[in-house]
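From a predicted model like this one, the values you see are computed outputs, not experimental measurements. Numbered from 1 within each chain, the chains take letters A, B, ... in sequence-line order. Just so you know, these numbers use all the heavy atoms, side chains as well, and skip hydrogens, waters and symmetry mates.
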Amino acid sequence: MTTAYRHWEILERSQTGPFMDEDDFLPKHFTPTLKKLIKKYEIKYDPKNPCPTDDDMADRIWQAAWELFRDVGYYNTDSHRLIQVTDEEIREALYMAKDQYWVGGGKDAVLWKHRQIEDTAPPFCIMSPDITCDEQYHQSICMAYLKEPLLDGICGPILEKTFGHLIESSGPTEISGCIQHITNQKLAARLLGRPGTFMVAVGTAEHDSGQIAVSNDEWGVQKTDARLVGSLTEFKTADTLLNRSLHYAQYGCYTGNLTGAIYGGWCGGSEGTAVTTVAYSLIGLVIHGAIFNQHFPFHLNYGSNTTRELLWAISMAGQALARNSKLLHTSNGFANAGPMTEMLFRETAVHAMVSTVTGWHLWEMASTRNKYKNRATPLEARIGVEVGHAVARQGLSRAEVNDIAKRLLAKYEDDAADAPIGSEYHECYDVAKAVPTQEHYDMFRRIKDEIAEMGIEFPF
Amino acid sequence: MSLEELGKLVEDGETEEAQELAEKLLKDGTDPLKMIAEMTRTMARVGDLFAKLEIFLPEIMLAGEALSGVVEVMAPYLEAVGGRVVKGKIVIGVVKGDLHEIGKNIVKLILETNGFEVKDLGYNVDSLTFIKEAEAMGADFIGASSLMTTTIPRQKEIIELLKAKGIREQYKVVIGGAPTSQMWADQIGADLYCKDAKSAPELMSNLLNS
């Protein structure tokens with residue numbers, strides 16, 4: 001059972017809701033409402049503390065997010081109409097939402113539960129390169145991620161080509177690429193002896209037809225897996241996206257809501273980014289019937305979220321969601337630096353510790369600003385989830401994490417704009433065996449030791 | 001009442017007040033070319049602030065609106081001194097299958113505020129539509145933006161269609177967007193790759209004048 005909330009009523013509103021010109025929606029409706037709410041609830045960014053301890057502000061952010069969704073609605077760019085919901089409907093959807101779900105199948109199934117701030121239960125860890133790769137490396141990269149012991153779920157790399165043909169959204173190559181993607185991923189899981197591993201798939205699908213093509217319980221995305229439905233920036237949707245959430249619900253798999261509020265864009269600064277991120281969780285639940293929300297707020301210029309403006313937003317959004325709801329939400333890291341660089345390991349560690357202590361689950365790690373093909377590996381995800389487990393089991397407080405995060409930020413923050421792009425997968429992994437090279441592993445170990453010296457007690 | 005004050009009103013996005021002041025200054029005999037120069041300086045300053053994210057997208061959009069308002073007021077005065085110099089004409093849009101337009105909107109604004117005439121085709125734009133609109137406008141450039149790896153092939157498709165129609169040399173094709181790169185531009189034969197909005201006006205001017 002999902003929390004799918006009155007799909008047909010929502011879809012009807014996307015055809016019958018109030019008309020608004022798309023050109024007016026963001027500048028005249030969304031941003032002014034958000035600004036008013038930030039002022040009303042006295043939400044203030046504090047650059048000195050990337051991971052603040054502020055329960056009261058967390059609750060105010062929650063309230064602002066609720067009102068943002070209620071007062072702005074959700075805009076369908078195809079019908080030019082606003083989908084609006086009431087307080088009562090939001091309350092009902094939150095009441096009906098479950099705080100835990102079994103995901104994945106058989107012996108590999110995992111119970112995914114809501115986390116609190118400073119929770120000692122480790123985060124649920126989804127690993128994903130979030131990046132495109134060459135066709136020849138796709139199987140190996142899937143294998144390499146699935147070899148990670150702390151992986152609870154996987155979202156595989158995105159194919160650019162299928163059988164040598166460049167994949168074009170909404171065309172036949174996309175259908176083929178999507179089937180190839182899930183086939184590789186499922187085969188990798190079977191070969192590694194964890195065939196029921198929870199998968200969020202398939203990232204190769206940009207168009208709804210690609211997603212629909214892989215719904216198959218025998219060879220494709222199974223009902224124990226999840227799929228994502230995105231938003232258009234900000235608070236906008238389209239029929240191709242609504243098609244997805246309806247199909248996922250009717251097929252019977254889990255739905256995740258994928259959103260990235262843009263710092264510097266229509267949300268403005270850190271305050272607006274935090275409020276918008278929380279509001280997206282309500283949108284995911286009420287509009288799409290999502291069982292989890294996958295958030296990746298990011299910096300407009302850098303395309304990352306490991307600098308302090310974004311860490312603050314992630315931290316406060318996490319606290320707001322953890323304290324005021326029982327929803328599941330993953331924090332998706334976006335780093336500036338590329339694989340086999342010390343900076344990437346530090347960025348991932350900071351993202352993971354700040355997220356974990358503020359109630360998030362983890363989704364690690366989009367490297368190299370999620371821009372360069374083949375530039376992501378499981379090893380940076382490993383340091384993130386190991387940090388997440390350590391922070392939780394150790395019972396670190398927000399203040400303690402804030403202190404460690406600041407020390408690590410000092411080592412990389414000034415390099416954010418000109419971060420090194422590092423190496424490609426095949427340059428720092430043995431492609432045939434899907435394991436890191438010794439040089440790469442040694443760097444991982446060195447930075448892990450550095451973080452341990454700052455007060456993180458790794459379990460192994 | 002000075003050009004500097006007008007610049008400040010534009011920077012603050014105060015369209016109506018800026019229009020009123022512009023009208024007054026022009027009636028009092030201010031040289032419209034000097035006003036244009038002040039507006040260019042203002043938008044360069046606003047662009048720099050935005051590039052460093054000391055102001056955010058809504059603020060630069062408001063400044064852009066205020067500038068458009070002032071340019072509207074200036075139009076008859078500029079005509080009298082030979083008209084506003086247009087640095088180039090461009091049709092710009094997000095390619096077919098891609099619904100992400102924030103980057104394209106920023107580029108559009110930066111180009112407009114730097115003296116380019118821009119026709120915005122929106123998002124999810126068919127490749128042939130780019131070409132037909134460029135022909136209709138008499139454009140110098142076709143600007144194609146893409147945010148997804150699975151939609152960047154449409155940038156190549158535009159170039160291939162231009163070749164098929166035998167008009168490739170008539171237009172400079174400019175590409176941009178998160179998954180694009182100089183390497184991709186070289187691979188598909190684009191004339192220009194812009195890694196960010198701020199660099200676009202200068203790179204495009206240089207290309208047109210080369």
Under 4.5 Å from a heavy atom of chain A, the part of B/Glu59 involved: side chain
Side chain, backbone, both or neither: which part of A/Tyr372 has an atom under 4.5 Å from a heavy atom of chain B? neither
Non-hydrogen atoms of chain B under 4.5 Å away: do they reach the side chain of A/Thr173, the backbone, both or neither? neither
Going by atom types only, do A/Asn336 and A/Ser304 share a side-chain donor-acceptor pair under 3.5 Å? yes
Worked verdict on A/Glu424 versus A/Arg375 for salt bridge (charged side-chain N to carboxylate O under 4.0 Å, His left out): CA-CA 5 Å; A/Glu424 293 195 19; A/Arg375 288 185 196 272; 3.7 Å; yes
Determine the option with the most heavy-atom pairs under 4.5 angstrom with chain B, choosing from A/Ala417, A/Pro27, A/Gly269, A/Ala238. A/Gly269
For residues 138-163 of chain B, give me every residue with a non-hydrogen atom less than 4.5 Å from any non-hydrogen atom of chain A. B/Met148, B/Thr149, B/Thr150, B/Thr151, B/Pro153, B/Arg154
Pairwise distance CD1(A/Ile314) to CG(A/Leu310) - rounded to 0.5 angstrom: 5.5 Å
Give me the contact list for residues 197-205 of chain B versus chain A, heavy atoms only, anything under 4.5 Å, ordered by residue number. none
Heaviest contributor of heavy-atom pairs below 4.5 Å to chain B, chosen from A/Lys371, A/Lys373, A/Arg369, is A/Lys371
Give, as side chain, backbone, both or neither, the part of A/Ile262 having an atom under 4.5 angstrom from any heavy atom of chain B. side chain
Considering non-hydrogen atoms only, spot the tightest contact between A/Ala261 and A/Glu234 and give its length. CA-OE2, 3.4 Å
Would you say A/Thr33 and A/Asp71 are linked by a side-chain donor-acceptor pair, where the criterion is simply a distance under 3.5 Å? no
A/Ile43 versus A/Glu271, closest heavy-atom pair with distance: O-CG, 3.4 Å
Does one side chain, of A/Thr132 or A/Glu160, offer a donor that lies under 3.5 Å from an acceptor on the other? yes
Answer yes if the side chains of A/Arg244 and A/Gln211 hold a donor-acceptor pair under 3.5 Å, and no otherwise. no
Between B/Asp98 and B/Asn124, do the side chains contain an N or O donor and an N or O acceptor separated by less than 3.5 Å? no
Do you see a donor-acceptor pair shorter than 3.5 Å between the side chains of A/Thr259 and A/His295? yes
If we count only N and O atoms by modelled type, under 3.5 Å, do the side chains of A/Gln180 and A/Asn184 hold a donor and an acceptor together? no
Side-chain H-bond candidate by donor/acceptor type, A/His299 with A/Asn301, under 3.5 Å: no
Would you call the rings of A/Phe235 and A/Tyr74 parallel, tilted or perpendicular, taking 30° and 60° as the class edges? perpendicular
Which atoms of A/Leu166 approach chain B - backbone, side chain, both or neither, heavy atom under 4.5 Å: side chain
Check the side chains of A/His207 and A/Ser170 for a donor-acceptor pair under 3.5 angstrom, ignoring hydrogens and angles. no
If the condition is side chain to side chain contact (heavy atoms under 4.5 Å, CB included), which residues does A/Ala337 pass it with, not counting sequence neighbours? A/Thr341, A/Met343, A/Leu344, A/Glu347, A/Ala419, A/Pro420
Need one label for A/Glu168: side chain, backbone, both or neither, based on atoms under 4.5 Å from any heavy atom in chain B. both
Are side-chain heavy atoms of B/Glu135 and B/Ile167 found at a separation under 4.5 Å? yes
Where does B/Leu99 contact chain A at under 4.5 Å (heavy atoms): side chain, backbone, both or neither? both
Please state whether the side chain, the backbone, both or neither of A/Lys35 comes within less than 4.5 Å of a heavy atom of chain B. side chain
Per-residue contact mode, A/Glu309 against chain B (heavy atom under 4.5 angstrom): neither
Report yes if the side chains of A/Tyr425 and A/Pro157 come closer than 4.5 Å at any heavy-atom pair, otherwise no. no
Quick check on the structure: residues of residues 105-123 of chain B within a heavy-atom distance below 4.5 Å of chain A, by number. B/Ile106, B/Tyr123
Closest non-hydrogen atoms of A/Leu26 and A/Thr233, given as atom of the first, atom of the second and distance, are CD1-O, 3.7 Å
